[in-house]
Amino acid sequence: MSIAEQTPAAPVMDARPPRTWKFVGTAIWGLLAFGAMSLAQVLALIVALGLFGDADMTKTSVKEVSEHGGIIAVSVLLGLPAALLVLWLATRLARRSFAAYLALRRPAATDILLALAASLALLVTLDAIAVLAGYPVSPDFVLTSVRTARDSGTLWLLLLGFCVAAPVSEEFIFRGFVYRGWSATALGPVGAILLSSALFALIHLQYEWFYLAGIFAVGTLFGYLRYRLRSTWTTVIAHGFYNLVAAAQGLWLIS
């Protein structure tokens with residue numbers, strides 16, 4: 001046997017450098033992540049309708065099931081792994097670390113305090129604007145979700161969904177993945193923050209237009225925190241805190 005035959009072949013290395021998805025790629029993957037999350041949530045609601053809805057599937061029955069806090073929480077929890085799977089696949093195809101691509105850096109304590117203070121200040125401001133404009137400080141969707149969860153003993157599940165699963169999935173998609181890609185285009189950080197915040201507001205169509213404007217403001221704040229503090233975990237914590245205070249406010253109002 002010759003020496004050439006004895007020498008093992010050198011492994012083929014992928015010489016392609018890591019990449020960042022640009023505007024179109026980010027939009028497609030972001031839509032896929034949101035679509036996977038929404039599909040899992042819809043399937044959970046369909047199962048819930050089969051279990052708890054009436055046989056005729058009346059409009060009232062569908063509304064009651066789809067607005068039940070415990071059922072909403074389960075659907076949100078099931079949507080989280082679906083979104084994470086798509087985002088993980090997108091970062092793998094970009095040959096990048098999942099944590100690095102989504103800026104999952106451990107935030108400093110001072111950054112967390114700043115984010116919590118800013119979130120609370122914005123919530124108080126939006127409440128004041130709602131009062132002055134003649135709107136309830138808590139939308140009906142929040143009040144119904146909190147009330148049904150409390151009455152069914154699933155308030156803890158609602159808080160887990162609203163304050164943990166929803167912030168992780170939404171922040172990973174919008175302030176993590178989408179901001180990363182769009183801020184590297186001609187949009188820049190400002191354009192990426194504003195456009196992603198507009199989309200963030202549009203996915204909350206269960207609220208009236210007045211509250212959608214507030215959600216856009218919330219998304220803009222979280223986007224700025226992501227830009228300024230360079231950690232998506234900071235916006236996840238701020239988002240969870242914001243939802244916790246909003247849920248507590250709704251619980252107080254119905255009590």
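Atom CD1 of I71 and atom OG1 of T148 lie 8.0 Å apart (nearest 0.5 Å). Going from atom CZ of F177 over to atom CZ of F98 covers 10.0 Å, rounded to the nearest 0.5 Å. In this structure, CG on L212 lies 6.5 Å from CG on L205, to the nearest 0.5 angstrom. A distance of 11.5 Å separates CG in L78 from CG in L39, rounded to the nearest 0.5 Å. Rounding to the nearest 0.5 Å places OG of S138 at 6.5 Å from CG of D127. The CG atom of L155 lies 11.5 Å from the CG atom of L160; values are rounded to the nearest 0.5 Å.
Ring geometry, F172 versus W233: the interplanar angle exceeds 60°, so the pair is classed perpendicular (tilted spans 30 to 60°). By the 30° and 60° cut-offs, the orientation of the rings of Y135 relative to W209 is perpendicular. Relative orientation of the F200 and H204 rings is perpendicular, given thresholds of 30° and 60° on the angle between their planes.
Nearest heavy-atom pair across I254 and R147 is CD1-CA, 3.5 Å. Closest non-hydrogen pair, F222 versus T235, comes out as O-CG2, 3.3 Å. Here the closest non-hydrogen pair linking H68 and S152 is CE1-OG, 3.2 Å. Of all heavy-atom pairs spanning K22 and T26, the tightest one is O-OG1, 2.6 Å. Residue G70 comes nearest to A149 through the heavy atom pair N-CB, 4.2 Å, listed as atom of the first residue, atom of the second, then distance. Closest approach of A90 and W21 over heavy atoms only: O-NE1, 2.9 Å.
No side-chain donor-acceptor contact under 3.5 Å links T232 and E171. Residues T20 and R96 bring a donor and an acceptor atom of their side chains to less than 3.5 Å of each other.
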(request) Applying ring pair (Phe, Tyr, Trp, His ring centres under 6.0 Å), run through F141 and Y207 and close with a yes or a no. (result) CA-CA 7 Å; F141 177 80; Y207 299 110; 5.5 Å; yes
(request) Starting from the C-alpha separation in whole Å, work towards a yes-or-no answer on side chain to side chain contact (heavy atoms under 4.5 Å, CB included) for R150 and S255. (result) CA-CA 10 Å; R150 180 200 62 180; S255 299; 3.7 Å; yes
(request) Please test V164 against V236 for side chain to side chain contact (heavy atoms under 4.5 Å, CB included), starting from the C-alpha separation and ending with a verdict. (result) CA-CA 8 Å; V164 179; V236 170; over 6 Å; no
(request) Take R228 and L114, measure what side chain to side chain contact (heavy atoms under 4.5 Å, CB included) needs, and give me the verdict at the end. (result) CA-CA 11 Å; R228 183 71 178 177; L114 174 63; 5.8 Å; no
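For the pair P81/L84, no side-chain contact is recorded, criterion being any heavy-atom separation below 4.5 Å from C-beta on. At least one side-chain heavy atom of F34 sits less than 4.5 Å from a side-chain heavy atom of S38. A heavy-atom distance below 4.5 Å is found between the side chains of N243 and P167. Here the side chains of F162 and L244 are not in contact, with every heavy-atom distance at 4.5 Å or above. Taking the side chain as every heavy atom from C-beta outward, P189 and R226 never approach each other to under 4.5 Å. Counting only heavy atoms from C-beta outward, the side chains of I215 and I203 never approach each other to under 4.5 Å. Looking only at side-chain heavy atoms (C-beta outward), L77 and L157 come within less than 4.5 Å of each other. Within the 4.5 Å cutoff, no side-chain heavy atoms of L80 are placed close to those of V76.
Linking ILVMFWY side-chain heavy atoms closer than 4.5 Å, directly or via other members, places L122 and L194 in two distinct hydrophobic clusters. In the hydrophobic clustering of this structure, L253 groups with L158; members are Ile, Leu, Val, Met, Phe, Trp, Tyr whose side-chain heavy atoms approach within less than 4.5 Å, directly or through other members. Connection of Y224 to L195 is not established within any shared hydrophobic cluster, with ILVMFWY side chains joined at heavy-atom distances below 4.5 Å, either directly or through further cluster members. Note: the hydrophobic cluster containing V142 does not contain W156 (ILVMFWY, side chain heavy atoms under 4.5 Å, direct or indirect links). L187 and V190 fall into different hydrophobic clusters, where Ile, Leu, Val, Met, Phe, Trp and Tyr are joined by side-chain heavy atoms under 4.5 Å apart, directly or via other members.
Judged by distance alone, the side chain of S231 and the main-chain N or O of R105 form a donor-acceptor pair under 3.5 Å. A donor-acceptor distance shorter than 3.5 angstrom exists from the side chain of S197 to the backbone of T220, with no hydrogens or angles considered. Side chain of R175 to main chain of Y227: no donor-acceptor pair is present (N/O by atom type, distance under 3.5 Å, no hydrogens or angles). Between the side chain of T91 and the backbone N or O of L87, at least one donor-acceptor pair lies under 3.5 Å.
The ring of F23 has its center closer than 6.0 angstrom to the ring center of W182.
Here the rule is side chain to side chain contact (heavy atoms under 4.5 Å, CB included) with Y242, and of V218, L221, L120 only V218 fits it.
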